[in-house]
Colleague: 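Structure below; questions to follow.
By convention in this document, chain letters (A, B, ...) are assigned in the order of the sequence lines, proteins followed by strands, and residues within each chain are numbered from 1. Only a predicted model underlies this, so the values are computations on that prediction, with no experimental measurement involved.
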There are 2 protein chains.
Amino acid sequence: MPAKRGGARSKRSDRTSLQPVQEQASEPPLSRDRIVATAVELLDAHGLDGLTMRRLADRLGAGVMSLYWHVDNKEDVLDLALDAVLDYRGPPQSDDPQDWRTEIVHMLEDWRASMLRHPWSTSLLPRRALGQNILSRLERMSKTLSRAGVADADLNAAIWSLWNYVMGATITRASFDVSDEDRAVAQQRLEQLSGPYPTIGRSRLLLDDDWDGAFRKGLGFLLDGLSPK
Amino acid sequence: MPAKRGGARSKRSDRTSLQPVQEQASEPPLSRDRIVATAVELLDAHGLDGLTMRRLADRLGAGVMSLYWHVDNKEDVLDLALDAVLDYRGPPQSDDPQDWRTEIVHMLEDWRASMLRHPWSTSLLPRRALGQNILSRLERMSKTLSRAGVADADLNAAIWSLWNYVMGATITRASFDVSDEDRAVAQQRLEQLSGPYPTIGRSRLLLDDDWDGAFRKGLGFLLDGLSPK
DNA sequence: ACCTGAACACCGTTCAAGT
DNA sequence: ACCTGAACACCGTTCAAGT
């Protein structure tokens, strides 16, 4: 068996030039947008390790080095892929103006959901965090809190505390999702021993899988704490 | 110049056997503990990318494959390195029993500090989170909150919310520390435009560098919110 | 029981060319 | 302007040996 890689790809198109050109078929030209879109596909399908420049090029039907015309390097691809996944369409358009708490909760739940739809994004954040999509989310939050009456002196701390909470919750959720067995094993060990860790063994801390409920409840605590009195 | 790698290491010891054997000099035998300790050194010095099995072996004066006798693979090394860095010695021993809030705050600040002393650990957490050091921290927190009067039904949510907060804050802090210029550039752009992001531009959100203060203040909000009424 | 080098199947990226 | 293959300097790990 010959050793050529990717030998399955046929050398020449089997459509003859008699047919009118059809947009959909055979590779469209390489472009930054196509590269990013395909990178997201690859990341969704195979995770962070699954994205290599070689595979990316392969899937685009191009040589590896062709990518480098459109993109600086692999880091660049990751930055672009992350940004592509984090836009916020805003709260549901309704006629009655919303409670500030409802608005904040909606925004943060959407934030979390966007990231969990692409779990690899949690490993990239917050390192590449200051793209415009993130900034506009922060701006929105700031405005809402300010309107709600949070003192200027408390504003930044309030924003960062919400940010910290969402980041921690989301990153945790994504990583524990990958290893549910680990969690179960750990909890089992806890309950058996019940010597060193009686309290969290009893409360079944590691088995509680109502992630969404826990997220909302904890967020409630935080919002209670930072509500203007 | 000959191409041999690591040619600087002399082939034979220059101490003769006339001298009594001294513990310190010339490589001690390979061991799991030595491997982990050296891995932590390497990680502290060069970050996550700086740790390769080849470099690790090199620094230990051994062949690469010798490591694999003591350790399963690179993942294993990372797990062990993380665990080695996360133990908690407990609150300062004092005679007056502490307020539960003081105790929680101390524990979480220590947690954060331990991780920030080894910034690479923030990229590894919380994926490898359920080692015994982490579990004992959770246990301690659980006990303290329970003693403080947090209702059983709220206990798990309270613990996870504190966990989320610490994780988010620490990971954020570590990653923004690396790229202070980025933050400054972003803030500058914000203030210049002042169109799209007027609120966070004005509040200097991205320039506020009192990280410790913000951490404590936000933690205060959260603790206010989950304090039993 | 402990350590080793050669070899395998990969990486990202530089470079000098092709059209 | 856009795309390419060959080559470089790396990776982690398998395997078959050595002591």
Colleague: With the side chain counted from C-beta on, respond yes when A:L222 and A:S161 share a heavy-atom pair under 4.5 Å apart, and no when they do not.
Modeller: yes
Colleague: Throw together a table of side-chain donor-acceptor distances under 3.5 angstrom for residues 60-69 of chain A, partners on residues two or more places apart or in other chains.
Modeller:
{"unit_1": "A:S66", "atom_1": "OG", "unit_2": "A:G63", "atom_2": "O", "d": "3.2"}

Colleague: Can A:R117 and A:D44 be counted as an ion pair, charged N to O under 4.0 angstrom?
Modeller: no
Colleague: Could you give the distance separating D:dC2 and C:dA16 at their P atoms, to the nearest angstrom?
Modeller: 22 Å
Colleague: Does B:W69 make a side-chain N or O approach to OP1 or OP2 of C:dC2 shorter than 4.0 Å?
Modeller: yes
Colleague: Could A:D110 and A:R137 be called an ion pair, given the rule that one side-chain N must be under 4.0 Å from one carboxylate O?
Modeller: yes
Colleague: Only Watson-Crick and G-U wobble pairs with both distances less than 3.5 Å should count. Give DNA chain D in dot-bracket notation, marking inter-strand partners with |.
Modeller: ||.|||||...|||||.||
Colleague: Distance check needed: C:dC11 C1' versus A:L56 CG, whole Å only.
Modeller: 14 Å
Colleague: Any chance you could list the contact pattern along nucleotides 12-17 of chain C? Use B for base contacts, S for sugar-phosphate-only contacts and - for none, protein heavy atoms under 4.0 Å, 5' to 3'.
Modeller: BBB---
Colleague: Can you sort out the partners of A:T172 under side chain to side chain donor-acceptor pair (under 3.5 Å), two or more places apart, ordered by chain and number?
Modeller: B:W163
Colleague: Using whole Å, what does the distance between atom P of nucleotide D:dC2 and atom CG of A:L60 come to?
Modeller: 16 Å
Colleague: Could you check if a side-chain atom of B:V77 sits within less than 4.5 angstrom of a side-chain atom of B:L80, using non-hydrogen atoms only?
Modeller: no
Colleague: For B:H46, does the NE2 atom have more than 12 heavy-atom neighbours from other residues, nucleotides or ligands under 6.0 Å away?
Modeller: no
Colleague: Any side-chain heavy atom of B:I134 within less than 4.5 Å of one from B:W111?
Modeller: yes
Colleague: Is the closest side-chain heavy-atom distance between A:Y197 and A:L205 below 4.5 Å?
Modeller: no
Colleague: Please list all pairs meeting salt bridge (charged side-chain N to carboxylate O under 4.0 Å, His left out) that have one or both residues in residues 60-70 of chain B, counting only residues at least two apart or in different chains.
Modeller: none
Colleague: Is there a side-chain contact between B:V36 and B:V71, using heavy atoms and a 4.5 Å cut-off?
Modeller: no
Colleague: Where along residues 38-47 of chain B does a heavy atom fall under 4.0 Å from DNA chain D?
Modeller: none
Colleague: Atom CG of A:L67 and atom P of D:dG5: how far apart are they, to the nearest Å?
Modeller: 12 Å
Colleague: Compare side-chain N and O positions of B:H70 against OP1 and OP2 of C:dA1 and report whether any pair is under 4.0 Å apart.
Modeller: no
